Amino acid sequence: MRKNIVAGNWKMNTTVPEGVQLAKDVCAAVAAEIGDANVGLAAQNCADHTSGAYTGEVSAPMVASTGANYVILGHSERRGYYNESYEMLKTKVDLALENGLKVIFCCGESLEERENGSFKEVIGAEIRDSLFHLTAEQMANIVIAYEPIWAIGTGKTATSDQAQEIHAFIRGLLADQYGAQVADDMTILYGGSCKPSNAPELFAKPDIDGGLIGGASLKAGDFMGIVTAF
Ligand code: 13P
């Protein structure tokens, strides 16, 4: 049985006191709705090395030592601004799993790729080249997030039909590679201008198992409006 997840990606926002307050507000609201055992902590990245002379990097063991349960990898902002390649992400995925972290693995196409029709090819390559070396057992610790780049922070959400089409496509790739069980058990999140007003329609789709939320996760009330959309 796959899990429904609503994850907040705060990106490079909040100071420590602001972040602590936001976390407290979210935890209190979530606990009131669904119980505090259902809240997890994620890092937004980890290094592609375990330790050593890599100034400024944060390793998977360091992330795990904070008590975090998850790490987001392959966000389009990391791929785009920091040149993270499929190969580098493959290494990061391995290190995260070796250190007991679950991975929220992001994929998604640019506006140009959407318009020129290459989007499924792009998404397929992102998933295949960084994840398909894993075993079926390892895939149980992966969550996939589909985030069309043109919908991130733009206020322009993919329609629920567009998102459903890609989520079903991703599940199909998983079924071809790993069989129906792994495909069926995979949690696939949608991200990109998701908010309380559009979450119910998105989450009602059969292959959309939750969201990866940017802007709307910075306000506890908006975030909870999405959590309770199920
Ligand atoms: P927005 O919700 O701000 O569009 O960001 C989505 C995102 O990038 C989450 O990782």
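What you are looking at is a predicted structure, and each value in this text was computed from that prediction instead of being measured. Atom set for the values below is all heavy atoms of this structure, side chains included, hydrogens, waters and symmetry mates excluded. One-based numbering, in listed order, for ligands and for the atoms of each.
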Q.
Given Lys195, Glu147, Glu77, identify the one with the heavy atom nearest to atom 9 (C) of ligand 1.
A.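 Among Lys195, Glu147, Glu77, the closest heavy atom to atom 9 (C) of ligand 1 belongs to Glu147.
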Looking at Gly108, Gly153, Ser217, the heavy atom closest to atom 4 (O) of ligand 1 belongs to Gly153
Applied to residues 176-222, the ring-ring contact (aromatic ring centres under 6.0 Å, His included) test, sequence neighbours excluded, yields Phe132-Tyr178, Phe203-Phe230
Ligand 1 atoms nearer than 4.0 angstrom to some heavy atom of Ser193 are 1 (P), 2 (O), 4 (O)
If we number the atoms of ligand 1 from 1 as shown, the ones under 4.0 Å from a heavy atom of Gly192 are 4 (O), 6 (C)
With Glu109 as partner, the option from Arg114, Arg79, Lys120 fulfilling salt bridge (charged side-chain N to carboxylate O under 4.0 Å, His left out) is Arg114
Check: Is any N or O atom of Thr154, backbone or side chain, closer than 3.5 Å to an N or O atom of ligand 1?
Finding: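 No, there is no polar N/O contact under 3.5 Å.
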among protein heavy atoms, the one nearest atom 3 (O) of ligand 1 is Gly215 N, 2.8 Å
In this structure, atom 2 (O) of ligand 1 is nearest to the protein heavy atom Gly214 N, 2.9 Å
Taking the non-hydrogen atoms of [X], is any one of them nearer than 4.0 angstrom to ligand 1?
X      : value
Lys11  : yes
Ala216 : no
Ala151 : yes

Using side-chain heavy atoms (C-beta onward) and a distance below 4.5 Å, is Thr154 in contact with Ser193?
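Yes, side chains in contact.
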task = Please tell me if the side chains of Ile104 and Gln44 come closer than 4.5 Å, counting only heavy atoms from C-beta onward.
result =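 Heavy-atom side-chain distance check fails, nothing below 4.5 Å.
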_If you apply the rule side-chain contact (heavy atoms from CB on, under 4.5 Å), what do you find for Tyr70 with Leu101, and how did you get there?_
CA-CA 5 Å; Tyr70 291 89; Leu101 295 166; over 6 Å; no
Could you go through residues 206-213 and list every donor-acceptor pair under 3.5 Å that involves a side-chain atom there, pairing it with any protein atom two or more places apart or in another chain?
| from | atom 1 | to | atom 2 | distance (Å) |
| --- | --- | --- | --- | --- |
| Asp207 | OD1 | Arg171 | NE | 2.5 |
| Asp207 | OD2 | Gln164 | NE2 | 2.7 |
| Asp209 | OD1 | Arg2 | NE | 2.8 |
| Asp209 | OD2 | Arg2 | NE | 3.2 |
| Asp209 | OD2 | Arg171 | NH2 | 2.9 |
| Asp209 | OD2 | Ile188 | N | 2.8 |

Looking only at heavy atoms, the pair that brings Glu147 and Cys106 closest together is OE1-SG, 4.2 Å
- request: Using the side-chain contact (heavy atoms from CB on, under 4.5 Å) rule, pick out the option among Thr187, Leu174, Leu189 that qualifies with Ile144.
  value: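 Among Thr187, Leu174, Leu189, the one meeting side-chain contact (heavy atoms from CB on, under 4.5 Å) with Ile144 is Leu174.
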The answer for which part of Asn9 has a heavy atom under 4.0 Å from ligand 1 is side chain
